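Below is one structure, written out as structure tokens, with a few remarks after it.
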Amino acid sequence: MPEDEEKLDEQEAVERLNKALSLQYRSALQYSIVASSLTGIEAQAISSKLTEFGDAELADVRRLIEKIVSFKGEPTTSVAALSFDPNARDALLRLAEYEEATVEALQEAIEPTGREGRSEALEHLMEHLILRKQHQVDFLNRATG
């Protein structure tokens, strides 16, 4: 790699990944809260999909931790604030709001990447997580009309 090529800023990447990780923890837990607490026939139909999303969120938590550790960083154990909404529509709207914030944090984690192979790998991982999560946001937005 030529010396004038941009290199990955590991420290900045770890800081941004930890910000996203804190939100990602919330995502996994918030999907579980919403999926388990919705009531009514319509809500029961959506609960299994939310559980599936929560499982995918937890898998992404592991991916983020692995990436942080690969940069010799320490993964945060801080979880962004959770909430409970007894109204199904409100719970889904809040979940979409939380997910949009996490998408933004994942996007911000791309910035400190450089042009090295591992930089490209980090960027593609973030893009994969964003793509999957945006699909979920779209689902939530369709569900709430």
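The shown structure was predicted, so the numbers you read here are calculated from the model rather than taken from an experiment. Just so you know, these numbers use all the heavy atoms, side chains as well, and skip hydrogens, waters and symmetry mates.
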Between Glu57 and Arg132, is the closest basic N to carboxylate O distance under 4.0 Å? yes
Co-membership, hydrophobic cluster, residues Leu92 and Leu82, 4.5 Å side-chain: no
Looking at Ala80, is its backbone amide N or carbonyl O close enough to the side chain of Ser22 to form a donor-acceptor pair, meaning the two atoms are under 3.5 Å apart? yes
Is it true that Phe139 and Val103 fall in one hydrophobic cluster, defined by side-chain heavy atoms closer than 4.5 Å? no
Are there more than 12 heavy atoms of other residues, nucleotides or ligands under 6.0 Å from atom NZ of Lys19? no
Spell out, yes or no, whether Val79 and Phe84 are grouped together once hydrophobic residues are joined by side-chain heavy atoms under 4.5 Å, including indirect joins. yes
With hydrophobic residues grouped by side-chain heavy-atom distances under 4.5 Å, do Leu122 and Ile65 end up in a single group? yes
Counting only heavy atoms from other residues, nucleotides and ligands, does the tally under 6.0 Å from CD of Glu74 exceed 12? no
Looking at Glu111 and Arg16, does any basic side-chain N land under 4.0 Å from a carboxylate oxygen? yes
Hey, quick one: are Leu58 and Tyr98 part of the same hydrophobic cluster, counting side-chain heavy atoms closer than 4.5 Å, chains of contacts allowed? no
Is it the case that over 12 heavy atoms from other parts of the model lie below 6.0 angstrom from the CD atom of Gln11? no
Any salt bridge linking Arg63 with Glu66? Criterion: basic side-chain nitrogen under 4.0 Å from a carboxylate oxygen. no
